[in-house]
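One structure is given below, encoded as structure tokens.
In this text the structure is predicted, and so the values were computed from the model without any measurement. Only this structure's heavy atoms are used, side chains among them; waters, hydrogens and symmetry mates stay out. Each chain gets a letter, A, B and so on, in the order the sequences are listed, and its residues count up from 1.
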Number of protein chains: 2
Amino acid sequence: MVAMATKTQRAERRTDALSKERIVEAAIDILDADGEGALTFRALTARLATGAGAIYWHVANKGELLAATTNDVIARVMTEAADGAEPREAIRAIALGVFDALDAHPWVGAQLSREPWHSAMLQIFEGFGEQLEALGVPPEEQFDCASALLNYILGLAGQYAAGAARVPEGTDRTAFLASVAAQWSQLDEAEYPFIRRVAVQLPDHDDREQFLAGLNLILTGITATRDVS
Amino acid sequence: MVAMATKTQRAERRTDALSKERIVEAAIDILDADGEGALTFRALTARLATGAGAIYWHVANKGELLAATTNDVIARVMTEAADGAEPREAIRAIALGVFDALDAHPWVGAQLSREPWHSAMLQIFEGFGEQLEALGVPPEEQFDCASALLNYILGLAGQYAAGAARVPEGTDRTAFLASVAAQWSQLDEAEYPFIRRVAVQLPDHDDREQFLAGLNLILTGITATRDVS
DNA sequence: ACCTGAACACCGTTCAAGT
DNA sequence: ACCTGAACACCGTTCAAGT
């Protein structure tokens, strides 16, 4: 909040002094490289060649550190998925931007679903709200609509976080999905008819397309409701 | 998978021997009473008056234990939200069933979003799929539609988990929301116009109603798409 | 003001030993 | 077969001490 005004102080004076930015950067590197489990204060102190206390001087605790890393990634998405476009397209751009960010940084998913009404999420929420306004959705409905969009994206976030954790390091995605599909088709026919049917589609389905399809369902719902009333 | 066949052995012989069921039960009690952070093996051994090793004899690790507790809660929901009703109503029943379960056991949310294609989630997914079939959604679209519904619900799950963790023990919900709303209205007008506008609606909005509104958006999208094509 | 690093309390998990 | 509980490795966090 209010924050980042500190950024104004000249950035060129690159002593290698510790700073919250440097710590966050190092944390993101570790998270990207080796996942959530690898981000420990010991790993951080090793990478930054410092002591644990030094980090605590800049950052209150691990929670704040994780919030800051997530914020960083999402802020980047929101400035890139700039507006200008037609509202529905802008909503898709935001959503897909988040999707791609989760794809690149799977650990963000876990963070997002734990940080409900805070910073990163507010940015996304605001983005949706503004576009809904531009779309002509009446004010009383904007809250519900923006919530639905946000909820949908957060569901994805969780999936991604968990999925990434699940896929073993070496295996590629399609091989993994094929093995899941194999498990699905061994489920009890009487109890899981739908899942068995859908198993064949799993290996070569496109996550991003499926995500977009669901998003379009919601967008259709939003427009349809409005046209009718 | 395949599992639970062990259940066939007579259950009446209630010695107070340890069993996976008793452990899961105790875990749920602890989780409900004091939240996720309170579930430690030491707390469990104390409550069950046993040693750590005894628990490990019945349960592989903490992950499996958490999965089992989540499974328990969701399985209960799915049997209660029985079918028979009109498909759209059945889908709402499942979704609201999950909603209410999350309300009663907030820690389930965190679990659900970490357990992507496993047991508890498969049950929900199957439930949606069958109702979509009953609704007449063409097979090629069922996968995407069920995914959208599941994603939406999981988003809620994450929110709930985080929200519950955030609300301090003593405070009641509306007071908490009021304080969040107060924070929102102090955000920068230029950066967060939408959130500032929506802040007034926050304190007395009904989560369950809002959840249902979003669900109806998706259901409308599903039906609309189908009617048009 | 900023950093060091040993120390603390507390985890999940293991395992030799009991019955 | 099932249980005990001390021991291990590893966390996040603190804090007296340095510069």
Side-chain angles (χ1 to χ4, degrees), chain A residues 5-6 9-11 13-31 33-70 107 110-111 114-115 165, chain B residues 3 5-11 13-31 33-70 107 110-111 114-115 165-166:
Chain A
T6 353
Q9 67 190 192
R10 56 171 54 107
R13 199 173 158 286
R14 62 180 165 78
T15 63
D16 53 352
L18 218 45
S19 66
K20 187 166 175 180
E21 280 99 49
R22 276 195 64 214
I23 296 171
V24 168
E25 205 177 306
I28 292 181
D29 284 348
I30 294 175
L31 288 164
D34 301 306
E36 266 204 272
L39 182 65
T40 67
F41 275 78
R42 312 214 200 269
L44 261 180
T45 56
R47 187 184 198 97
L48 293 168
T50 183
I55 295 176
Y56 275 93
W57 203 89
H58 294 278
V59 152
N61 51 37
K62 193 174 183 181
E64 189 193 304
L65 180 57
L66 281 169
T69 57
T70 304
W107 50 272
Q111 253 351 84
R114 273 173 226 149
E115 228 205 323
Chain B
T6 352
K7 259 292 193 47
T8 31
Q9 68 190 193
R10 54 171 56 107
R13 200 172 156 289
R14 66 181 161 78
T15 62
D16 53 353
L18 219 45
S19 66
K20 186 166 177 182
E21 279 100 49
R22 275 195 63 213
I23 296 172
V24 168
E25 205 178 306
I28 292 180
D29 284 348
I30 294 175
L31 287 165
D34 300 306
E36 265 204 274
L39 183 64
T40 66
F41 275 77
R42 311 217 200 269
L44 261 180
T45 55
R47 188 183 197 96
L48 292 168
T50 182
I55 295 176
Y56 275 94
W57 203 88
H58 294 278
V59 152
N61 51 38
K62 195 176 183 179
E64 190 193 303
L65 180 58
L66 281 169
T69 58
T70 304
W107 51 272
Q111 252 351 86
R114 273 175 228 147
E115 228 204 323
R166 209 70 79 185

Interatomic distance, B:Ile23 atom CD1 to B:Tyr56 atom OH [nearest 0.5 angstrom] = 11.0 Å

Taking N or O atoms only and anything under 3.5 Å, show me the protein contacts with nucleotides 12-19 of chain C, one pair per line.
from, atom 1, to, atom 2, distance (Å)
C:dG12, OP1, B:Lys62, NZ, 2.6
C:dG12, OP2, B:Phe41, N, 3.0
C:dG12, N7, B:Arg42, NH2, 3.2
C:dG12, O6, B:Arg42, NH2, 2.8
C:dT13, OP2, B:Tyr56, OH, 2.7
C:dT13, OP2, B:Lys62, N, 2.9
C:dT13, O5', B:Tyr56, OH, 2.9

note = A:His58 and A:Leu18 have their tightest heavy-atom pair at CE1-O, 3.5 Å

task = Search all heavy atoms of A:Gly51 against all heavy atoms of A:Thr45 and return the closest pair with its distance.
result = C-CG2, 3.5 Å

remark   = In Watson-Crick or G-U wobble terms, with both distances under 3.5 Å, the base opposite C:dT19 is D:dA1

query = With both distances kept under 3.5 Å, what pairs with D:dA6, Watson-Crick or G-U wobble?
reply = C:dT14

inquiry  = How long is the straight-line distance from CD1 of A:Ile55 back to NZ of A:Lys62, given to the nearest 0.5 Å?
reply    = 11.5 Å

query = Considering only heavy atoms from C-beta outward, does the side chain of A:Val59 approach that of A:Val24 to under 4.5 Å?
reply = no

remark   = A:Leu65 CG to D:dC11 P, in whole Å, measures 15 Å

task = Give me the one residue out of B:Ile28, B:Ile30, B:Leu39 that meets side chain to side chain contact (heavy atoms under 4.5 Å, CB included) with B:Trp107.
result = B:Ile28

remark   = Taken to the nearest whole Å, NE2/A:His58 to C1'/C:dC3 is 8 Å

